[in-house]
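Naming convention: chains lettered A, B, ... in sequence-line order (proteins, then strands); numbering from 1 in each chain.
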2 protein chains.
Amino acid sequence: MVSLDRRFHALADPTRRAVLERLGPGEATVGELAQPFPLSLPAFLKHLRVLEEAGLIETEKRGRTRICRLRNGAYAPLAAWLDDQRRLWEERTDRLAELAIAMEESADAKHDQDRRE
Amino acid sequence: MVSLDRRFHALADPTRRAVLERLGPGEATVGELAQPFPLSLPAFLKHLRVLEEAGLIETEKRGRTRICRLRNGAYAPLAAWLDDQRRLWEERTDRLAELAIAMEESADAKHDQDRRE
DNA sequence: AATACAGTTAACCGCACGGCTAACAGTTTT
DNA sequence: AAAACTGTTAGCCGTGCGGTTAACTGTATT
């Protein structure tokens, strides 16, 4: 299994994210992918390698060209981690809300008590 | 607005992700956060800086200690990007499915035609 | 067979990243 | 006032990342 480190690192670059965005709707060759970027081909190839080793894309050589496509379930582990964190956060705010309510009730009780005195 | 580059880069490190996980349930001081890690304090502080400049946490100095907490909506832009990409992917597979159905119908038609001949 | 095309490998380069130690600064505590 | 505690800054260092050019491989085209 590829580490979250590799996956997140792969996304921390605008060129690589652009490639993924381009690959969302459908597959493309190395040349087609590289065309929009002001990069040498070797530099661009390194980005593709990073994406492939992060398990985000898969590639296949057909003749003298190589076609690239998004991997099935590529984003699942990343989305899962984010969802976990958001869940933790919301559980926390829920607890805070309960606490606030409890304090309010306690304050009301004190208020009633004051009135009775 | 903080770039996606910074945000994703901040997540591409196990120490920093661990800090975020720790901070999910509630806030903590620098010392409490640093304690589990086999790092010098200056090294650890750099990680906190990265997280703060990525807009993921916010910190506040109280006396001689500094307390750190998760920022509200910290993960929203990241989750949004991921969701966009997954949407693109699913639209693509939907189109492929439609195409497959269309081809099947076409094949059926051809088949019927063959039978009629 | 020669040429062009698409990608790949190798070797290098500057710089930012992640780590360290040492010294300093501002708050509590005693 | 002195000592202890909690961060913080400064400066250094090795490694890896993102980029380059040059040379090469293998596949189509003519």
Side-chain angles (χ1 to χ4, degrees), chain A residues 2-23 26-71 78 81, chain B residues 2-23 26-71 78 81:
Chain A
V2 186
S3 70
L4 280 180
D5 286 33
R6 279 189 185 280
R7 292 176 190 275
F8 276 122
H9 172 245
L11 296 188
D13 179 285
T15 300
R16 290 193 291 258
R17 282 200 308 280
V19 167
L20 293 174
E21 288 165 9
R22 166 66 211 276
L23 244 34
E27 59 192 34
T29 70
V30 170
E32 289 165 354
L33 287 174
Q35 184 268 328
F37 303 99
L39 277 183
S40 67
L41 233 91
F44 184 78
L45 265 189
K46 286 189 187 175
H47 285 299
L48 286 187
R49 281 269 173 87
V50 171
L51 287 172
E52 190 163 17
E53 285 174 7
L56 293 169
I57 68 171
E58 58 192 11
T59 74
E60 176 193 352
K61 191 126 190 182
R62 197 103 58 98
R64 69 181 165 183
T65 77
R66 176 177 294 276
I67 71 151
C68 310
R69 72 181 72 86
L70 217 48
R71 252 198 60 184
L78 300 165
W81 188 87
Chain B
V2 187
S3 69
L4 279 181
D5 286 34
R6 277 188 185 282
R7 292 177 191 274
F8 276 122
H9 172 245
L11 296 187
D13 179 285
T15 299
R16 291 193 291 259
R17 281 200 310 278
V19 168
L20 294 174
E21 288 165 9
R22 164 69 211 275
L23 244 35
E27 58 192 35
T29 71
V30 170
E32 290 165 353
L33 287 175
Q35 184 268 326
F37 302 98
L39 276 185
S40 69
L41 234 90
F44 184 78
L45 265 189
K46 285 189 188 178
H47 285 299
L48 286 185
R49 281 269 173 86
V50 171
L51 288 171
E52 190 162 17
E53 285 173 9
L56 292 169
I57 69 172
E58 57 192 12
T59 74
E60 176 193 351
K61 189 125 192 183
R62 198 106 56 100
R64 70 180 164 182
T65 75
R66 176 178 294 276
I67 70 150
C68 309
R69 72 181 72 87
L70 217 47
R71 252 197 60 184
L78 300 166
W81 188 86

Out of [options], whichever nucleotide has its closest atom nearest the side chain of [X]:
X       : options               : answer
A:Lys61 : C:dG7, C:dC20, D:dG7  : C:dG7
B:Arg66 : D:dG7, C:dC20, C:dG18 : D:dG7
B:Val30 : D:dT8, D:dT20, C:dT8  : D:dT8
A:Thr65 : D:dG7, C:dG7, C:dG19  : C:dG7

Open item on the list: For D:dT20 and A:Ser40 - does any side-chain N or O of the residue sit under 4.0 Å from the phosphate oxygens OP1/OP2?
Closed with: yes
Open item on the list: Is A:His9 close enough to C:dC17 that one of its side-chain N or O atoms is under 4.0 Å from OP1 or OP2 there?
Closed with: no
Open item on the list: How about CZ on B:Arg6, more than 12 heavy atoms from neighbouring residues, nucleotides or ligands closer than 6.0 Å, or not?
Closed with: no
TODO: Report the distance from atom CZ of A:Arg17 to atom P of D:dG18, rounded to the nearest whole Å.
DONE: 12 Å
TODO: Tell me, please, which residues at least two apart from A:Arg7 pass side chain to side chain donor-acceptor pair (under 3.5 Å).
DONE: none
Search all heavy atoms of [X] against all heavy atoms of [Y] and return the closest pair with its distance.
X       : Y       : answer
A:Ala12 : B:Asp5  : CB-O, 3.8 Å
B:Leu48 : B:Ile57 : O-CD1, 3.8 Å
A:Leu4  : A:Trp81 : CD1-CD1, 3.7 Å
B:Arg69 : B:Glu27 : NE-OE1, 3.3 Å
B:Leu41 : B:Ala34 : CD1-CB, 4.4 Å
B:Asp13 : B:Thr15 : OD1-N, 2.8 Å

What are the atom names and distances for every N/O pair under 3.5 Å that joins the protein to nucleotides 24-30 of chain D?
unit_1: D:dT27; atom_1: O2; unit_2: A:Arg64; atom_2: NH1; d: 3.2

Open item on the list: Within residues 41-49 of chain A, which residues have any heavy atom lying less than 4.0 Å from an atom of DNA chain D?
Closed with: A:Pro42, A:Ala43, A:Lys46, A:His47
